[in-house]
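What follows is a single structure, written as structure tokens, with notes after it.
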Amino acid sequence: MKILNIQAHRGPNVWSIQHPKLIQLRLEMEEPDQNLQNIDKPTLQKFIPGFSGLNMFDLNHLSLPGALAIVLQKHVGHQVDYLFTKATLEPNVYNILFEYQDEETGKYAAKLSVTILNAIIHNGPISVDALIKDLKVTAKLSELDPYTNSVIKLAKNRSIPTLYFEDEKYIQLGYGKNLARFSPELTSGKYPPEDKTPGQFLDSLFPNEKESRIPIIAITGTNGKTTTSRLTAHILQSNKINAGYTTSDGIYIGTKMVDKGDTTGPMSAQKVLGNNKVEVAVLECARGGIVRAGLGFDKCDIAIVTNIQEDHLGLADIHTLDELANAKGIIIDVLKPTGYAVCNANNEYSRHLGLRAKANHALFALDEHNIFLHEHIQKGGLACFEDNGTVTIIQNGVRIPVAHVNEIPITFEGRVSFMVENVLAASLACFCFGLNAEQIAKGLSDFYPSAEMTPGRLNIFDFSNFKVMVDFAHNPDGFRSIRDFMASIDSPNKIGIITGTGDRRDSDLLELGSLSAQMFDHIIISQRKFLRGRTAEEIVGLLIEGIKSHNPQASYEYIPDSVEPLKHALGKRTDNCFICALSDVLDKPLEMIPKFQGKEKSGKLG
């Protein structure tokens, strides 16, 4: 039996909403592990005296590692019960999910369970007592005192969200501007704070049913997440509402970036929810963070699903669009009953997620005559669409014009359909939040496709007689959107810089190549990064095969790693050419390109 991975889910996750704290033990069952089937309860009782807890499980050889991990945790006083096992598509590989109370104790229990079972299978020497002693030491390190535990239990009973920041040694109750913090050390002495009972202490933090939460707008999907998140936050801030938001490029509190990088996971969400200046949280929730550790919150008020397209399939046991939709749909599942699911009527999977919402659902689509949007409107549903160039919301049959696309810079006067979709999603979400059309239009009017407001999304840089565009489109659907945009660009020479990603399917790489041939006159392939388990030659070979499948005579080249791609492309520029760098192929492009602009002004561009 071999451990492939151990990870902890810290919030509602792909496996369970009701049991957010789960250890995921990924095991490979090797041939000798068939002996697990011969291990019965008496054998384990003999090996591990006093472990009667196993009687609660209907054991088989697959559930045994998880059951033992739960019993080990129970032995140190943790109240855990939930367990299930799921086979993967990989031969003899299984995911074993079990509940934990403390993350480090849960992970250690997983390791000890496998260690003990391997010893039994192979008749190896092992001191179970010593292992349990180690587990008790681990559990003791994060143990909270009874008083603090009582406060947390009472808070949960009152639906007050609870977060424990172990490194900073404090408990947070509530979110954002309504949060309260206290250190367990303040409650762990002989006497409770000011001689208050746990209930009195909690009442002192949240008197008279004081609100403990802030509105949470969660955004997921395949494409458009980051722009929709940024635009939604911008509209709120334009109306003097202080939004904290997470994106694939950083965490922002108001207009200030407080953390840089891909911050779309649960820990980043909790950084926003842990800031007492935040009035509304706008949280981008990407597939990676959801499948790795779950959500960083237990409930949300508005859930936006931009679209569900083929991307990242074959990773983390997600092989189909149904499975991908199910993972991203978690933000729909945690909606408050009074909340809104904001979904794309033009995308089958997004639309279906809206229908499964137990809360309200609202739809958006480019075309008012979309059959599903039309049916929704006929039933009195809330919707948003483009009506002869005007972003329009309809509520109970009443049309509410918001703004014309010519007044919304991010849409390029309505020429970029995927940006119009982002505008529809953000406008509808802000309407659900409570803003009116005038307030929404105010935010839409000064949100620009710039490196400052939408880094890596249709960022166009002007040079004297040519242009350079950077866009992080990285999957077939994203490339299709860029292809459509490029068709509107009047240029005699369109040069594309592309790269592939090694953990994508062959079919995805082939399609990226084909789409590149459809939109560029010359293609520069640079494969300096994103290998992820493949060789550069294998990735590039598939891209070239895709290019040739569309046009056998297409102009392309594969440049060495030592050659900087944009500098190479600039050497091939012609008058009025349009250079487009996709898929994050460049290193720090938003810093590099202005330097090239400066060189041109000083006559040193070459």
Side-chain angles (χ1 to χ4, degrees), residues 2-9 11-17 22-29 62-63 66 84-97 220-225 248 262 264-266 285-295 305-333 343-344 347-356 473-480 500-515 530-535 538-539 542-543 545-546 583:
K2 180 182 178 183
I3 296 176
L4 300 179
N5 189 42
I6 299 175
Q7 64 195 74
H9 297 279
N13 55 74
V14 295
W15 306 104
S16 178
I17 302 297
L22 293 178
I23 297 295
Q24 182 177 345
L25 171 62
R26 191 178 182 87
L27 281 182
E28 180 179 3
M29 300 289 193
L62 296 179
S63 64
F84 79 97
T85 303
K86 180 135 179 112
T88 73
L89 294 185
E90 297 179 49
N92 301 318
V93 174
Y94 299 86
N95 284 313
I96 297 164
L97 287 299
T220 195
T222 301
N223 295 313
K225 297 185 298 296
S248 58
D262 188 345
T264 55
C285 304
R287 175 209 61 90
I290 291 173
V291 300
R292 183 181 65 253
L295 298 176
V305 183
T306 58
N307 49 68
I308 306 292
Q309 307 285 1
E310 291 190 351
D311 191 24
H312 300 284
L313 296 183
L315 302 176
D317 298 318
I318 294 177
H319 301 276
T320 67
L321 279 171
D322 282 325
E323 290 170 340
L324 183 62
N326 185 60
K328 291 179 179 288
I330 290 173
I331 68 167
I332 300 283
D333 297 333
C343 297
N344 188 343
N347 180 266
E348 175 187 358
Y349 293 91
S350 175
R351 186 174 66 248
H352 286 170
L353 286 175
L355 293 174
R356 97 178 190 191
H474 60 278
N475 55 48
D477 188 62
F479 267 48
R480 279 190 287 272
T501 305
D503 58 6
R504 299 306 195 269
R505 300 172 302 174
D506 289 4
S507 58
D508 296 327
L509 295 169
L510 289 167
E511 190 169 5
L512 293 184
S514 174
L515 289 164
F530 307 132
L531 299 182
R532 299 181 186 175
R534 294 198 200 229
T535 64
E538 185 181 3
I539 298 170
L542 288 166
L543 291 173
E545 185 180 343
S583 305

- Item | Nearest non-hydrogen partners of Leu515 and Pro476, listed with the distance | CD1-O, 3.4 Å
- Query: Does Leu324 offer a backbone N or O that forms a donor-acceptor pair with the side chain of Asn326 under 3.5 Å?
  - Reply: no
- Message: Determine whether a donor-acceptor pair (N or O, by modelled atom type, separation under 3.5 Å) exists between the side chain of Thr264 and the backbone of Ser248.
- Response: no
- Query: Just by distance, do the side chain of Thr220 and the backbone of Val305 share a donor-acceptor pair under 3.5 Å?
  - Reply: no
- With Arg534 via salt bridge (Lys or Arg N to Asp or Glu O under 4.0 Å) - residues at least two apart: Asp506, Glu538
- Message: Would Ile330 and Ile290 count as a side-chain contact (heavy atoms from CB on, under 4.5 Å) here? Give the steps.
- Response: CA-CA 8 Å; Ile330 290 173; Ile290 291 173; 3.7 Å; yes
- Message: Tell me every residue that passes salt bridge (Lys or Arg N to Asp or Glu O under 4.0 Å) with Asp322, counting only those two or more places apart in sequence or in another chain.
- Response: none
- Item | Donor-acceptor side-chain pairing of Asn475 and Asp508 below 3.5 angstrom | no
- Counterpart residues, side-chain hydrogen bond (donor to acceptor under 3.5 Å, both in side chains), relative to Thr222 (two or more places apart): none
- Once you round to the nearest 0.5 Å, how far does CZ of Arg292 lie from CD of Gln7? 8.5 Å
- Message: Going by the rule side-chain hydrogen bond (donor to acceptor under 3.5 Å, both in side chains), which residues pair with Arg480 if we only count those two or more places apart in sequence or in a different chain?
- Response: Glu511
- Using the six-membered ring wherever Trp is involved, compare the ring planes of His9 and Trp15 and label them parallel, tilted or perpendicular (cut-offs 30° and 60°). perpendicular
- Item | Partners meeting salt bridge (Lys or Arg N to Asp or Glu O under 4.0 Å) with Arg532 (sequence neighbours left out) | Asp503
- Quick one: closest heavy-atom pair of Asn347 and Ile308, and the distance? OD1-N, 3.1 Å
- Query: Does one side chain, of Glu28 or Asn92, offer a donor that lies under 3.5 Å from an acceptor on the other?
  - Reply: no
- Mind listing the closest non-hydrogen atom pair of His474 and Ser583 along with its distance? CA-OG, 3.6 Å
- Query: side-chain contact (heavy atoms from CB on, under 4.5 Å) between Asn95 and Thr85: does it pass, once the steps are laid out?
  - Reply: CA-CA 6 Å; Asn95 284 313; Thr85 303; over 6 Å; no
- Query: Just by distance, do the side chain of Asn344 and the backbone of Thr306 share a donor-acceptor pair under 3.5 Å?
  - Reply: yes
- Item | Salt bridge flag under 4.0 Å for residues Arg504 and Asp311 | yes
- Query: Can you check salt bridge (charged side-chain N to carboxylate O under 4.0 Å, His left out) on Arg287 and Glu323, steps first, answer last?
  - Reply: CA-CA 11 Å; Arg287 175 209 61 90; Glu323 290 170 340; over 6 Å; no
- Going through the checks in order, is the side-chain contact (heavy atoms from CB on, under 4.5 Å) test met by Glu90 and Arg26? CA-CA 11 Å; Glu90 297 179 49; Arg26 191 178 182 87; 2.7 Å; yes
- Taking it one step at a time, do Leu97 and Ile23 satisfy side-chain contact (heavy atoms from CB on, under 4.5 Å)? CA-CA 6 Å; Leu97 287 299; Ile23 297 295; over 6 Å; no
- Item | Spatial distance of atom CG (Leu62) from atom CE (Met29) [nearest 0.5 Å] | 5.0 Å
- Just checking, is any N or O donor in the side chain of Asn223 or Asp477 under 3.5 Å from an acceptor N or O on the other one? yes
- What residues form a side chain to side chain contact (heavy atoms under 4.5 Å, CB included) with Leu510, not counting sequence neighbours? Leu542, Glu545
- Got a second to check how far Ile96's CD1 is from Ile6's CD1, nearest 0.5 Å? 10.5 Å
- Query: With the threshold set at 4.0 Å, does a side-chain nitrogen-carboxylate oxygen contact exist between Asp333 and Lys328?
  - Reply: no
